[in-house]
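A short worksheet on the structure shown next.
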Amino acid sequence: MPTDAALFTPNLTGRDYTTPDLRAKLTGAARYAEDFRAEGMLACRLLTSPMPHARVARLDTRAAQGMPGVRAILTADELPPPADSVADSGATIKASPWAEPALSMEPLHQGAPVLAVAAVDDATAVAAIEAIEIEFAPLPFVTDPLDSLRPGGPDARTGGNVWLPPARAGEQAAVGRLKWTDEDFRAAGPGRLPMGKAAAEWSYGDVEAGFRQSALVLDESFVTPNVSHQALETRSTLAWWENGKLFLAAGTQSTIQTVPAIARWLNMDPKDIVFLSEYTGGGFGGKITASVSVIIPALLSRKANAPVMLRVTREEEQYIGRARPSLAGRMKAGFSPEGRLLALDLFVVQDNGPYEQQHDAAIAGRMGSLLYQPQAMRWRGVPVLTNTPVRGAQTAPGGLQVSAFMGPLLAKAARRLNLDPLDVCRINAPAGRAPVGPPRPDGTLNAATSAFVREALDKGAQAFRWGERRARPADAGTVRRGIGVATGCFVAGTVGFDGLFVITPEGRLRIHCGVGNLGTESFSDVQRVLADAMDVPWEACEILWGNTARHLPWSCISGGSQTIHSMSRAALAAALDARRKLVGIAAATLGGVPEDYDVGGGRVFRRGDGRGLSLGEAARRAIELGGAYDGHECPDDVHGMTRTAVAALAGQGLVAVARDAFPRDGQSYSYVAAFAEVELDTETGMYRITDFHAEADAGRVVHPRAFGGQMVGRSMLGIGHATTQKWFYDTRYGLPVAKRFHQTRPPTILSMPERFTWGAVGIPDPQTPVGARGIGEPPTGAACAAVLCALAHAMGDDAFIRAPVMADAVLAAMEPENGKNRANRPRGLSANV
Amino acid sequence: MATVRDGMPHFDLYQPDSVEDALALLDRLGRGAHMDDGTDGPLRAWVLAGGLDCLERFKDRIRRPSAVVDLARVGALRGVRREGDETVIGPMTTLAEVARHPDIRERFGLLAEAAAQVASPQIRNQGTLGGNLSQDARCWYYRGGWPCYRAGGNICYAAAPGAMNREHAVFGARRCVAVSPSDTAPALVALEARLVIRNAARTRMVAAEDYFLGPETDITRLTVLEPDDLLVEIRIPPTWAGTRFHFEKVRDRPVWDFALASIAAAMRQTGDRIDQARLVLGSVAARPWRLPQVEAALAGRPREEAADAADLAVRGAVPLAHNGYKVTLARNLARRAILGQPPGAPSLAMGASGLMGAPDPSPARQTGKEAS
Amino acid sequence: MNFVTWGVSPWGQPVILHAAWHLLWYALIAGVAFVLAHAAWVLLRPSPAPGPGSVGASGTADALPRRIVRHSLPARLFHWVMAAAMLVLLGTAFLPKAGLPFDWVGAHVWAGAVLLAAIAFHVVHALCCMDFRAIWPTPGDLGELRGIIDPPQFAKVADGPVRRPGKYPLGNKLYHLALVAVGLTLAATGLALLVRVPTPFLPHAPHSLFDDAGWGAVYALHGLAGLSLVALVIIHVYFALRPEKRPITLSMLTGDMDRDYYLAHHDPERWRVDASPPPITQ
Amino acid sequence: MCDHDAAMSRPAGMTRRQFIRSVIATGVVSFSVPLLPARGGAAARTAPGTVERLVTLTVNGMRRRVDVLPNETLAQTLRGKLGLTGVKVGCDRAECGACTVLVDDVPVYSCSTLTHSVLGKAILTVEGLASPGGELHPLQQGVLDEQGFQCGYCAPGFLMTALGYLKTNPDPTRQQLAHGVSGNLCRCQDYDKILTGLLRGAEYMRRG
């Protein structure tokens, strides 16, 4: 594996700069999906289900059809059947019958779209919906996973209540029925998660032996909340057709990857889809490839033969805008006297929502095994379907939850074993090529590419002055302080995507980027590596993004913190392709052999006498030479969409295209160590985070300000889960009562910790030439767990078993044992109470 | 009949520029028009002040007035002036103006502090004092369009066993357990303010405490205002001017959120002996909840030893499944008001409110060497 | 003209909320209209000559005691307790709806409980110790009508003699029947409604017994029955105050009535009064 | 001026008119209203004395003639009719601040303000900050230099609120400015860099 020095010398990489999209965002020129206007644009509004689970018994749209200004009404039966998809590995993934439909005559949660109306303006569309005669027949429903698992409990779908693993390898998972017994529930006892039959499980090492050798065995249960993504831009979408081609503007996290998704939903050829998404108002996992609701304006636009803008309201975004599934976890953990985690038995019940299987519970197991390195581990998971809004991956799906489960548990073990919580974090921290579950079929474990978590803990502890704070005497009065330390980790990189750029005859680099612009700035940051590899100034680079008509290569989805890792490798691969072509052109033009030449300072030149060509001249020669040089030939290992893009760019200059084929041994993860101090008033239950520090191990930092933005922004997302964000459901009617921001409570600027500092260990990852790993997701788990640990330190270890911890939970926990409000402690394991 | 919860229905908009015109309009429009099928006509007229309480209900299509009377142009209803030793505040004065007004900050800091902690800066810039006092209940069943008693239906969903009533009443509930969410109302009740209400026929003045209705009297409204009434003046007597005030608002987020519980207290002392006190809890009942029994127990006692009087604050409390903590809060807030402790660690806030600073948070610096 | 107010249930289904309160005006108008019409009708038609007082087979007039007992003490007590409860119920139910807001729920619930108890007592008391059959209309009562609806100007003498009523004239019997229907509806629905609000009588379980639509019907029934009661009470009080009915009214206070009035207005055969002093509980 | 009637807020007698009004006030009617067919869009008849539809607005220093419905919010007018899509609607319920504009230099939520209520006032949106030549306002320049925002959807709202607040307090501490812009929600949540950018912008503004 050539060291990175040979491939590129970091010059722009690692330095702050202004991203090319920021100016338009500050002047209001940036157009997000709902800002588009088109001639003759119709307004589209949704008719959504008022019930948690129902079937449309009667539907009569004639009155609405006849209203002046109503152009078209779309119902579920007019949707094309979603086509099967082909995975990158070539395997066909059959369209799942349980997948989320854009419209449905059997809505599976309140707010599920049933039909859509397109009219001349919003008011007419609303009046038309109110004129539609529709009757819903209520069906059995359930909003709490444990209720569905009770013997005789209701099933969220007519077909079943749990996602069961595939019967035979190669088949796909299916929804089935799984009920626990009364004995399972009784065996758990109060405040403990029952552990009935699991849907899926794995294990390594001898867990029972581990418990036997343990000096301390803890048995804890914890519930994390359902939290809606609540991106500030809802998933409004504009669609119009021209000559059989669909033009669609919507927010997404991955521009190019959204095209095949739309093609699958509409059963269309990807070539006939032009997708526009230059600016997206936040995604956080909720717009991985936009969402199936984008086909509603697409189909209405074709039916009404006019552009259609679907305006999704904030309340509708609460229903179809994705949310992180709540996990209820039961952790049995055995520790050695030094606090080493000898054995971990993790049982997780997941509130899956009504549609596709979410993987939070499974990933929680995987991240648990990596983050805490248990010597023996067993994981069991039960993804239970409920009649609640659509779920989706949200920043560190499963990763945040397992940190919230295990962070306070480690701190409690430290206190029981009379150890420093920092030391218990440290002794269990992954290092180097740390093993990570689940075990492969042959029983061996995968390994991380690298891990420098101990360095992060030490550096963070020093910045946070952990020792000094720990030494402070405990507070006696009504205001209590608490400190917490915790770690978080997540997947931070994939491989195998394509880089593409053109050296124009003017000598500029026109970089085509299929990555979405959801705010992480990674679409631009990765190109800094390319500029360094090509040794050109940043001003010479121009990035084309956000519009598939600009011939974008196949890039990764901007989610799972993978972009900086995957796309910097792809950019580097393309740069190497360009360097090879440049020295080839120089040799062909000036004689000699390519090896005599080198690229640098905007020129390709012969070593020794320095005779050479400028990039512009080389580009013009490339056009004359044709073939692979100017894109008329394309390497066959790149993705089909990249090949289409190259074909379109042929002849425009020196076309550099390559698939990231750099080797990588192991899986790329990034880690964060977080430290928090809270000041809590036991009389009012209110608290604030006075000090917070997050130290990252994410390899090389490519763009410090953007890196800091993720460290602060994603920590705040975790802090929101620990402090204020959750759902409230009226279980009798199965309806949410918390629908507005002042009821679901996303954190505000005043919720920022007063002193917030961050740092990065900055040791490059050996398994990637650029050395950079993603940072988007690890901070959430670390921050959430650090704040929970600080609260537990201030309030006492058994003060709460659920997040978020709000004033009522603090007051109830602080109530003296015999206090009459003691009964008021929000017990139980339902997340939506 | 499908339900849509977004899209402001049409209404006729009137913009009178005098109180008299406004009253004439309300009188003409205020009366219900009988529909031919015997039901009462649509809600005819709605008074619009800052718009923060009503525009969202029109957009939710839960309230659909056919006419709206916008008071933005009625200059007479705005401003703060002194009449003799009474301070008179126009109901259309924005909360920001009330929070900043020198006379109010100096003589009635309690009201200024309450106004400063309402919702968010923009809402304080638009929202009016009259609107904050006259706003409707924020029970998430009622505001979500559920057909409960307060909406003219036949049940209180929040009071049912197992219902979500974390933010509901622990005092004075009668069938409906919603709370009065106003922050300025407890302050004005503590200050013994009086409110002048006019309609086309006549003018009447009510004590701030009597401006608010409990569900036992009329379950469908929080104030005595009739459809053709207009709140025209808020008069604060000098009784409590310059005495010792204590305002504290407990809420989950330090901005936007309504109070879980709040307290507004005024206390007159000679030396450290309490002569007279007024303590009023907010967001624990359908109206500002005075604590007369505590006030009585405080009279004449030295402040430091009077803290136990706070235990009387919880008499008559009836907690539901999820709001028992409000009983603890009522006692603790009363205790802090008596002892005059500074509000403790405000919830996740950098300083309790604009008025009281807090240590300056240093920027999130990247410590350690710049990653090369 | 709709009788109920409709609303939308939390699940978006149209559901009855309660009776339409503007019907209160119609009930009041209906009651007053009946009274005026009846009064005018009585004034306009010449009062028919009361038939000769016939002494039934029970012997000579003087064999009867001077004061004929009509209502026993328990019966009277029931009547007035029930009347008081009913008036409190009507007042607490409709004054707030008529625009006079006050704290009515507690009084309404307690008065309802009292009424339920009174009705229960009355049913038992009527079965055990009263002439149970006397109150129910029988075909025989139709005869009484002939005297009323046979206006003299037609001068047609019906074929049979004008029957004089037994203890309860047909009007009373029909009114009692109406009261039983309305009263029992109110009682039954009222009992069910006790679970809707926290009361000392039944556990507070608003979602038990019926679904939203069901409860809507219960509330509407309760409201409409209450509204009809408004008219019925007006009519009842009117008849009680009519001069010619005074002795009957007073008998609800004193328990007995003058023998002559008895003989003049009632048929001893159908309201047998034995000579010996009446047993206390009769 | 006003005869201070007895504190009794209810007139003694009970007239039919008051009865009907009290029935309305009890909201019973408002409940059956959703069943009534919503009246059509613009063509609804307007009673005498209602507002004029064709009005003049002063937006970003320019006088604009525009047809405004009575129930139209300022956000709808600015975005839908004047093409100023820099005004973002994040929640349409006064809960996020993305729609904040200045009305006579005061930050307000344009989604919760009727256009007719602010006719005579000067309205400033984010499009009005940069000079016609494209030169950024000092506040914008400060934020640009600090790479202040991520997805940018909340940026216009934050800029307008900060500008309005800085007019009242040109040299705020970090914490005061945080309170000043606390009515704006950011979901990428790097509030720290937003504050740093706005403070840098404030510094540029002070330098003039």
Side-chain angles (χ1 to χ4, degrees), chain A residues 10 14 45 47 50 122-123 126 129-130 132-134 313 315 459 463 478-479 679-681 683-689 700-701 704 708 712 723-724 728-732 737-739 741-743 745 748 750-752 754-760 762 806-808 811-812 815 821 823-824 826, chain B residues 1-10 61 119 140-141 143-144 157 160 162-164 166 248 250-258 260 319 321-329 332-333 335-336 343-350 358-372:
Chain A
R45 293 292 305 279
L47 188 155
D122 202 76
V126 166
I129 290 176
E130 287 187 331
I132 287 175
E133 287 158 29
I134 186 165
T313 67
E315 182 167 344
K459 197 158 166 291
T478 59
V479 177
E679 178 193 90
L680 180 136
D681 184 338
E683 285 189 329
T684 61
M686 287 161 73
Y687 57 87
R688 59 181 165 187
I689 304 171
R700 178 193 308 282
V701 176
V712 175
T723 54
T724 54
F728 290 92
Y729 258 72
D730 184 286
T731 46
R732 170 169 171 74
V737 284
K739 293 187 269 199
F741 278 155
H742 74 275
Q743 294 161 343
R745 297 187 173 92
T748 67
L750 295 184
S751 317
M752 273 281 294
E754 286 170 34
R755 283 170 294 283
F756 192 119
T757 51
W758 64 271
M806 295 200 264
D808 51 346
L811 288 167
E815 192 70 27
N821 281 327
N824 242 296
Chain B
M1 177 55 194
T3 313
V4 183
R5 283 280 177 258
D6 190 273
M8 190 134 39
H10 174 78
R61 304 181 72 79
W140 50 19
Y141 287 100
R143 293 300 277 258
Y157 295 97
M164 291 297 117
R166 172 178 185 263
E248 194 168 0
V250 175
R251 51 179 165 174
D252 293 308
R253 294 185 307 167
V255 60
W256 269 303
D257 284 4
F258 290 94
L260 298 176
H322 298 285
N323 65 359
Y325 69 94
K326 287 196 178 190
V327 180
T328 313
L329 264 184
N332 291 352
L333 287 175
R335 218 173 69 80
R336 292 154 79 97
S347 152
L348 294 178
M350 290 192 265
D360 220 4
S362 59
R365 289 180 322 289
Q366 183 201 1
T367 59
K369 59 179 178 25
E370 181 96 21
S372 62

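Each chain gets a letter, A, B and so on, in the order the sequences are listed, and its residues count up from 1. Note that the structure is predicted; figures quoted are calculated from it, not measured.
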Is chain B contacted by the side chain of A:Glu315, its backbone, both, or neither, given a heavy-atom distance below 4.5 Å?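 Only the side chain of A:Glu315 comes within 4.5 Å of chain B.
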Between A:Arg732 and chain B, with a heavy-atom cut-off of 4.5 Å, which part of the residue counts as in contact: side chain, backbone, both or neither?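 The answer is neither part of A:Arg732.
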Dump the intermediate steps for side chain to side chain donor-acceptor pair (under 3.5 Å) on B:Glu248 and A:Thr684, then the final yes or no. CA-CA 10 Å; B:Glu248 194 168 0; A:Thr684 61; 5.1 Å; no
Distance, nearest 0.5 Å, that separates CD of A:Glu683 from OG1 of B:Thr328: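 Going from the CD atom of A:Glu683 to the OG1 atom of B:Thr328 covers 11.5 Å.
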So, A:Arg45 side chain and B:Asp6 main chain: donor-acceptor pair closer than 3.5 Å or not?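 Here the side-chain-to-backbone pair exists.
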Select one option (side chain, backbone, both, neither) describing which atoms of B:Arg143 are under 4.5 Å from chain A's heavy atoms. neither
If every non-hydrogen atom of A:Leu47 is compared with every non-hydrogen atom of B:Ala2, which pair is closest and at what distance? CD1-CB, 3.4 Å
